[in-house]
There are 2 protein chains.
Amino acid sequence: MSSHTALNKVLIEFYDKMASWEASVVRESDYSLAQVHTLEALGNYGPMNMKSLATQLGITTGTLTVQVDKLVKLGLVQRFYREDDRRSITVALTEEGQTIHQHHNALHLSLTEELTKELSEDERQVLVSLLGKLNQEF
Amino acid sequence: MSSHTALNKVLIEFYDKMASWEASVVRESDYSLAQVHTLEALGNYGPMNMKSLATQLGITTGTLTVQVDKLVKLGLVQRFYREDDRRSITVALTEEGQTIHQHHNALHLSLTEELTKELSEDERQVLVSLLGKLNQEF
DNA sequence: GACTTTACTTTGATAATCAAATAATCTATT
DNA sequence: AATAGATTATTTGATTATCAAAGTAAAGTC
């Protein structure tokens, strides 16, 4: 098996397991998977406009408009209207949204610690470096 | 920033970007995201029963029953009834299902090659090894 | 200024999802 | 072997997520 094939396999396996873990965590929470994903995107990457957020989430802006409406109603995100381009709006977490995101992120951190508990500090740093390079290429 | 925090960040970022890529690839195909995920799970991990497949996909068996019904109707998966446990059924790809999975997997392989084009052969092997360890811990 | 593009929303229809109830089968205990 | 309990899958009813396409408003282009 070539190194590309082997790498492809472990990358997909990691992705699948992460998705599965995320689903089980979210099912125990008060929010839907789509909602948590939206909060995560805004929490991890900061405020952004609808277009960017939709792309980031892999959904259409139409779907996102509905989702943001609900999250606004729940008090978790806010819309900010831009002066420089009045077509565009900036979506951001409210304080409560940030709190929920931080809670969810803490679960992610626990998972990461669990997953890498057998790795040395050097290995962790190598992994950060290599994955960082991959992420840049997307 | 601790190595755990840094690692958590790149892992989440990789997961997000993979999900986003997958969504854009699937939108251009004839099948839905849920359908492709089902085909991928069966193609990557082999035939399995409803319970395992639902867990793997992060959905309930009720949802999966509906999904499998559709895929059976489309001729992409088959149900096999077990002799040793007649409550359980085994779900597997048909030949056509395998063809579609292989096509989708080829896209994944292209992506992997693109993402790792700047890495050395040694780096790729290190990454395979480290990610393999993480995957085992899930 | 007219035309095109861009950003977002709305609408109408479909697909995905869950929780809970049901049915069939298996396992364990007595 | 009879009963009770657990497991596996399906069905049902309701909700949520989703898309494509059409609509609106603002910005960019020529």
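Just so you know, these numbers come straight off a predicted model, no measurement behind them. Chain letters run A, B, ... following the sequence lines, proteins first and then strands; every chain starts at 1. Just so it is clear, the values below take in all heavy atoms, side chains as well, and ignore hydrogens, waters and symmetry mates.
Within a 6.0 Å radius of NZ in Lys17(A), more than 12 heavy atoms belonging to other residues, nucleotides or ligands are found. More than 12 heavy atoms of other residues, nucleotides or ligands lie within 6.0 Å of CD in Glu121(B), so this atom counts as buried by the packing criterion. Counting heavy atoms of neighbouring residues, nucleotides and ligands inside a 6.0 Å radius, atom NZ of Lys117(B) exceeds 12 of them.
Distance from the side chain of Thr63(B) is smallest to dC18(C) among dC18(C), dT6(C), dA17(D). The Met50(B) side chain lies nearest to dT10(D) when the options are dA25(D), dT10(D), dA20(D). Of the candidates dC26(C), dA17(D), dT17(C), dC26(C) carries the atom nearest the Arg87(B) side chain, counting heavy atoms from C-beta on.
Rounded to an integer number of Å, the gap from CG of Asn49(B) to P of dT8(D) is 7 Å. Taking atom CZ on Phe80(B) and atom C1' on dT8(D), their separation rounds to 19 Å, with Å as the unit. In this entry the distance linking CG of Leu57(B) with P of dC18(C) reads 10 Å, nearest Å. One interatomic measurement links the two molecules: NZ of Lys51(B) to C1' of dC26(C), which rounds to 14 Å at whole-angstrom precision. Between the OH atom of Tyr31(B) and the P atom of dA15(C) there is a distance of 14 Å, given to the nearest Å. One interatomic measurement links the two molecules: CZ of Arg27(A) to C1' of dA16(C), which rounds to 13 Å at whole-angstrom precision. The nearest whole Å value for the distance from the CZ atom in Arg82(A) to the C1' atom in dA27(D) is 13 Å. Look at CG on Asp30(B): it is 16 Å from C1' on dA15(C), rounded to the nearest Å.
Counting only distance, with no hydrogens or angles, the side chain of Ser20(B) and the backbone of Asp16(B) share no donor-acceptor pair below 3.5 Å. Remark: the backbone N or O of Ser120(B) is paired with a side-chain donor or acceptor of Glu123(B) at under 3.5 angstrom.
Contact annotation for Ile89(A): backbone-only contact, meaning every heavy-atom pair under 4.0 Å involves sugar-phosphate atoms and none involves a base. Here Ser88(B) lies in heavy-atom contact (under 4.0 Å) with sugar-phosphate atoms only.
No continuous path of hydrophobic side-chain contacts links Leu109(A) to Leu7(B) [ILVMFWY only; heavy atoms under 4.5 Å].
Residue Arg86(B) places no side-chain atom within donor-acceptor reach of the base of dT25(C), judged by atom type and a 3.5 Å distance cut-off alone.
Regarding contacts with the backbone of dT16(D), every side-chain N or O of Ser32(A) stays at 4.0 angstrom or more from both OP1 and OP2. Checking the phosphate oxygens (OP1, OP2) of dT8(D), no side-chain nitrogen or oxygen of Thr61(B) falls inside 4.0 Å.
Within residues 65-79 of chain B, the residues approaching DNA chain C are Gln67(B), Lys70(B), by heavy-atom distance under 4.0 Å.
For the residue pair Thr5(B) / Ser2(B), a side-chain donor-acceptor distance below 3.5 Å is found, with atom types taken as modelled.
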